Amino acid sequence: EAGVVQSPRYKIIEKKQPVAFWCNPISGHNTLYWYRQNLGQGPELLIRYENEEAVDDSQLPKDRFSAERLKGVDSTLKIQPAELGDSAVYLCASSPGIAGVSEQYFGPGTRLTVT
Amino acid sequence: AQTVTQSQPEMSVQEAETVTLSCTYDTSESDYYLFWYKQPPSRQMILVIRQEAYKQQNATENRFSVNFQKAAKSFSLKISDSQLGDAAMYFCAYRSPGSGANNLFFGTGTRLTVIP
């Protein structure tokens with residue numbers, strides 16, 4: 001079974017530039033999560049999708065961050081424009097979506113460096 | 001909001017020895033789930049073990065076991081017969097039950113070094 005796929009693995013950009021991250025969840029997983037992990041910290045949820053619907057985006061900085069999950073499969077997270085403080089690892093995870101029993105499976109993440 | 005605290009930024013253990021990583025959490029809920037995740041340098045979070053709060057029996061997965069103290073809101077991870085491959089960041093995480101509450105709340109992590 002293929003795991004959660006993320007690309008790119010690394011990205012270096014200058015501040016004020018746009019950047020996008022892509023995630024392909026495990027086949028059949030209805031729930032998709034985007035987390036941000038700052039250096040020396042645990043991951044923090046940015047947005048959660050149930051199929052194509054964003055059901056929790058309360059922690060997403062909507063002035064510069066956007067996300068989409070067309071057709072309820074792949075997802076893209078975008079930052080425009082990027083700021084120095086956006087440097088972090090962006091993790092994508094998916095789960096079957098069965099409440100109470102579903103484990104979250106994580107991808108390898110994208111390490112973003114904003115200079 | 002739930003908070004998860006890991007008070008040990010770094011721990012080390014001799015190969016083949018036993019080490020315990022600490023975790024405490026704060027919640028007003030009576031039912032919830034607790035997890036330990038391992039994050040090696042590859043950055044991929046790997047589930048090590050999980051505990052349902054309604055279960056009194058401590059979870060065990062091979063060399064990994066937990067000491068779940070619900071009243072004290074404590075959830076420590078014990079790694080027995082430590083191996084070089086156990087070296088990683090370990091994160092404790094909390095999750096509420098229910099279909100609308102699948103979000104994980106993570107602690108700040110403990111970096112485990114295994115000494116050959």
Side-chain angles (χ1 to χ4, degrees), chain A residues 2-11 21 23 25-26 29-51 53-60 88-112, chain B residues 1-10 21-25 29-55 59 61 75 77 88-111:
Chain A
V4 176
V5 179
Q6 289 188 249
S7 68
R9 289 296 308 276
Y10 303 89
K11 190 73 176 179
F21 314 123
C23 173
I26 293 174
H29 282 195
N30 298 323
T31 307
L32 184 145
Y33 312 78
W34 281 103
Y35 289 87
R36 177 168 61 186
Q37 185 176 18
N38 292 316
L39 185 64
Q41 301 293 316
E44 294 179 327
L45 182 76
L46 289 173
I47 189 169
R48 183 178 97 237
Y49 282 92
E50 298 289 347
N51 298 305
E53 182 183 359
V55 297
D56 185 353
D57 62 356
S58 58
Q59 301 303 311
L60 189 73
V89 174
Y90 291 83
L91 294 166
C92 179
S94 69
S95 67
I98 302 171
V101 297
S102 56
E103 172 189 340
Q104 293 187 26
Y105 297 80
F106 285 81
T110 297
R111 181 181 296 279
L112 174 67
Chain B
Q2 288 75 18
T3 58
V4 179
T5 302
Q6 294 180 250
S7 59
Q8 305 157 316
E10 297 183 355
L21 308 183
S22 301
C23 172
T24 59
Y25 56 94
E29 297 173 318
S30 60
D31 194 19
Y32 46 86
Y33 300 88
L34 296 166
F35 304 83
W36 279 99
Y37 278 87
K38 171 184 178 182
Q39 188 178 40
S42 66
R43 300 198 303 267
Q44 190 149 6
M45 301 283 278
I46 303 165
L47 180 65
V48 174
I49 198 165
R50 60 181 281 170
Q51 174 81 42
E52 289 87 349
Y54 65 86
K55 291 185 177 179
E61 289 287 341
F75 183 60
L77 174 69
M89 286 290 292
Y90 285 82
F91 291 94
C92 178
Y94 173 103
R95 199 192 84 194
S96 299
S99 59
N102 280 322
N103 301 343
L104 287 170
F105 295 90
F106 287 88
T108 53
T110 297
R111 181 177 301 281

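Heavy-atom basis, side chains included; hydrogens, waters and symmetry copies ignored. Quick caveat, the model's predicted, so the values are computed rather than measured.
The two atoms that bring A:R9 and B:S42 nearest to each other are NH2-O, 3.3 Å, heavy atoms only. Taking both residues in full, the closest heavy atoms of A:P43 and B:M45 are given as CG-CE, 3.9 Å, listed atom of the first, atom of the second, then distance.
Here B:L104 contributes atom CG and A:Y35 contributes atom OH; the two are 4.0 Å apart, rounded to the nearest 0.5 Å. Distance check, rounded to the nearest 0.5 Å: OG1 of B:T108 to CD of A:Q41 gives 6.0 Å. Between atom CZ of residue B:F105 and atom CD of residue A:E44 there is a gap of 10.0 Å, rounded to the nearest 0.5 Å.
No other option in A:G40, A:A93, A:G42 has as many heavy-atom pairs under 4.5 Å with chain B as A:G42.
For A:V89, the part lying near chain B is the side chain, with the backbone staying farther off; criterion is any non-hydrogen pair under 4.5 Å. B:Q6 does not touch chain A: none of its heavy atoms, backbone or side chain, sits under 4.5 Å away. Contacts of A:N38 with chain B are absent, with no heavy-atom separation under 4.5 Å from either backbone or side chain.
Judged purely by atom type and a 3.5 angstrom limit, B:Q44 uses its side chain to pair as donor or acceptor with the backbone of A:F106.
Both tests pass for B:R43 against the ring of A:Y10: distance under 6.0 Å to the centre and angle within 45° of the axis.
Within the 4.5 Å cutoff, the side chain of A:Y33 has heavy atoms near those of the B:N103 side chain. Side-chain contact between A:Q37 and B:F91: present, with at least one pair of heavy atoms (C-beta onward) separated by less than 4.5 Å.
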